[in-house]
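Here is the structure we will look at, set down as structure tokens.
Predicted model only: the values in this text are computed from it and were never measured. As the structure lists them, so they are numbered: ligands from 1, and atoms in each ligand from 1.
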Amino acid sequence: MTKEELWQAVLGELELSISKANFTTWFKNTSLVDLEKEKVVLAVPNIFTKEWLEKKYKNKILDSIRKFQPSVNLLSCVISNNLNSFSDPSSEKKQGRSIDSVVNKPFSAKTVRLSKNSPAVSFSEPKTQPSFFGSWSSGLNERYSFDNFIIGSNNELAYAACRSVADSPGKNYNPLFIYGGVGLGKTHMLQATGNQILKNFPKSNIRYTSMERFTNELLSAIQNSRAKEFKNDYIKLDVLILDDIQFLAGKEKTQEEFFHVFESLYQHGKQIILSSDRPPKLIPTLEDRLRSRFEGGMIADVGKPELETRLAIIKQKLFEKEFELDDEIVLYLAENIYHNIREIEGALNKIIAIFRLKNQKPTLEEVKTQINDLVSSHRQKDLTPEKIINSVAEFFDLKPEDIKGKSRKKS
Ligand code: ADP
Ligand code: MG
């Protein structure tokens, strides 16, 4: 049996024993590069996969290998640049920066200062009650966890980064910047990360808030001459999670104050997690110093989920809401509502509300009637290259042929 054959056989086994999403996420683009009597070495595309396989799948993989080669008892992973990171060639572009450039980035001072095994700075120190917020609230909602989060190719990088941050906050990826369109799970991931950190480090001082709320609180603090207390409370945090920071656009005063909070936390090795509907470079009127800070950490995008992931999410939501739908209905919903997950949840909530009231299980036809408006509005919105070219031409006062033609004129 060659190395390749052995690995194919092992993959075949693993595929049957773990979920499709997990299998794709962690085993895509792996190979067996070294096989000795007692030891195997796998090549994996990036550091996340390495950590994940070594931590979570080691025993499973070894068990499976031993069915073919009983003497093996050691497993290690090496990162190979020859493997396409995250499978599809477009993904690197999508992520804004390559994983390698992030991982190998000399994230200098901080990573050096905090040696590998040292606990994250003061994550276990007793916290002093912050003064500004009165009764302090973390802003975390237990509803969101990693357990009820479905991983797909659209969010695997962001998910892996969040998990890594939850395990060692303030260490590897700081700040962590997650971006993507509405309803794609950013808030869920940020909240789940906060909840997980609290589980791992129960004494840590965490605050989740939205940039909008941060701004409003700051303004009212300024009005009440309490800006200093406000800032002091923030810089005492171990973890600051700020959602929807695109709200910073055009708010100079907030950017200024936020910069100081950011700097202070960052300098002290405290974890900062941010989300936005777009990458830093596309947030208009963002101060350069903030932009470069954001870009200096880890940036991961979330995209639209594929059909398979949508199916898994619908099943997860039905399970949580304790409601059953026939598979053909689940498939119908997954195939027809694909823009974002909030819409899928909206459709489910509507169906559940109606049919719980009627105390009956819906048929496919009934479901179609109920969510007809959602589905048909999608169809109308569907874009074609033709429509895009026409709109762009119209906006810039050009003819569609000008865009499609050979001319390179600036206009
Ligand atoms: P965003 O903050 O990106 O606008 P949210 O995090 O609010 O999106 O997600 C919208 C809804 O979809 C939430 O109820 C969330 O729980 C759910 N959701 C999004 N992604 C997933 C996922 N991968 N698995 C399970 N639920 C998800
Ligand atoms: Mg959100």
Side-chain angles (χ1 to χ4, degrees), residues 19-26 48 86 94-96 138-163 165-166 176-196 207-216 240-249 273-280 282-283 299-323 325 330 333-334 337-353 371 374:
S19 76
K20 178 108 205 250
N22 265 311
F23 181 77
T24 322
T25 306
W26 305 113
F48 300 129
F86 283 108
K94 246 176 14 207
Q95 284 150 14
S138 71
L140 291 172
N141 181 341
E142 283 174 5
R143 180 170 94 82
Y144 298 109
S145 76
F146 287 134
D147 292 337
N148 61 10
F149 188 76
I150 305 291
I151 309 158
S153 55
N154 61 315
N155 58 25
E156 61 191 353
L157 176 72
Y159 171 80
C162 284
R163 290 242 53 152
V165 162
L176 172 59
F177 190 105
I178 306 283
Y179 75 91
V182 281
L184 295 179
K186 300 184 298 298
T187 296
H188 191 132
M189 259 187 268
L190 260 55
Q191 284 269 350
T193 309
N195 282 321
Q196 187 64 39
R207 182 158 168 90
Y208 164 93
T209 189
S210 66
M211 189 46 102
E212 185 172 6
R213 193 154 166 206
F214 180 92
T215 307
N216 292 339
L240 171 60
I241 306 176
L242 266 180
D243 212 349
D244 292 318
I245 63 136
Q246 69 274 5
F247 197 77
L248 268 178
I273 309 172
L274 308 165
S275 88
S276 163
D277 65 354
R278 66 199 79 179
L282 295 184
I283 302 178
I299 301 183
D301 73 331
V302 278
K304 291 186 183 179
E306 287 173 1
L307 176 66
E308 223 172 39
T309 315
R310 299 199 296 275
L311 278 171
I313 291 174
I314 294 175
K315 289 192 171 158
Q316 169 69 30
K317 299 292 172 193
L318 287 171
F319 172 78
E320 281 170 30
K321 295 171 200 287
E322 297 179 14
F323 195 82
L325 283 177
V330 174
L333 294 173
I337 309 179
Y338 41 79
H339 285 297
N340 72 56
I341 298 152
R342 197 169 296 151
E343 276 184 355
I344 294 179
E345 264 202 308
L348 281 181
N349 287 339
K350 181 172 176 188
I351 294 165
I352 293 173
I371 62 159
L374 252 181

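Residue Gln246 places its CD atom among more than 12 non-hydrogen atoms of other residues, nucleotides or ligands, all under 6.0 Å distant.
Asp243 and Thr187 share a donor-acceptor pair across their side chains, judged by distance under 3.5 Å alone.
For an aromatic pair to be called close, the ring centres must be under 6.0 Å apart, and Phe146 with Tyr159 satisfies this.
Contact atoms of ligand 1 toward Val182: 4 (O) (distance under 4.0 Å to a heavy atom of the residue). Every atom of ligand 1 with a heavy atom of Thr187 under 4.0 Å away is listed here by number and element: 1 (P), 2 (O), 6 (O), 7 (O). Taking every non-hydrogen atom of Asn155 and a distance limit under 4.0 Å, the qualifying atoms of ligand 1 come out as 23 (N).
Atom 26 (N) of ligand 1 has its nearest heavy-atom neighbour, among Gln316, Lys317, Glu343, in Lys317.
Counting heavy atoms closer than 4.0 Å to ligand 1, residue Asp243 contributes nothing at all. At a 4.0 Å heavy-atom cut-off, ligand 1 touches Arg143 through the side chain alone. At a heavy-atom distance under 4.0 Å, no atom of Met189 approaches ligand 1.
The closest side-chain heavy-atom distance from Gln191 to Tyr208 is below 4.5 Å.
Among all protein heavy atoms, the one lying closest to atom 10 (C) of ligand 1 is Arg342 NE, 3.8 Å. Atom 13 (C) of ligand 1 has Glu345 OE1, 3.4 Å as its closest protein atom, hydrogens excluded (heavy atom only). At the top of the distance list for atom 25 (C) of ligand 1, counting protein heavy atoms only, stands Asn148 O, 3.3 Å. The protein heavy atom nearest to atom 21 (C) of ligand 1 is Phe149 CE1, 3.7 Å.
Using a cut-off of 2.8 Å, one finds that Thr187 contributes an N/O/S atom close to the Mg ion (ligand 2).
Of the polar atoms of His188, at least one N or O is found under 3.5 Å from an N or O of ligand 1, judged by distance alone. Taking distance alone, with nitrogen or oxygen atoms compared against 3.5 Å, Gly183 approaches ligand 1 more closely than that limit. Between Tyr144 and ligand 1, not a single N/O pair is under 3.5 Å apart. At a 3.5 angstrom cut-off on N or O pairs, Ile341 does not count as close to ligand 1. Backbone and side-chain nitrogen or oxygen atoms of Ile150 are examined, and one is located within less than 3.5 angstrom of a nitrogen or oxygen of ligand 1. Residue Gly185 places at least one N or O, backbone or side chain, under 3.5 Å from an N or O of ligand 1.
Judged by distance alone, the side chain of Ser275 and the main-chain N or O of Asp244 form a donor-acceptor pair under 3.5 Å. For the pair Lys317 (side chain) and Glu345 (backbone), a donor-acceptor distance under 3.5 Å is absent. Side chain of Asn195 to main chain of Asn141: a donor-acceptor pair is present (N/O by atom type, distance under 3.5 Å, no hydrogens or angles). Between the side chain of Asn155 and the backbone N or O of Ile151, no donor-acceptor pair lies under 3.5 Å. Judged by distance alone, the side chain of Asn148 and the main-chain N or O of Arg143 form a donor-acceptor pair under 3.5 Å.
Contact record, Leu184 with Val302: CD1-O, 3.9 Å, taken as the closest heavy-atom pair.
At a threshold of 4.0 Å, the pair Glu343-Arg310 does not count as salt-bridged, since none of the basic side-chain nitrogens sits closer than that to a carboxylate oxygen.
Put simply, part of Gly181 is less than 4.0 Å from ligand 1, judged by heavy atoms.
Atom CG of residue Leu176 and atom CG of residue Leu274 lie 8.0 Å apart, to the nearest 0.5 angstrom.
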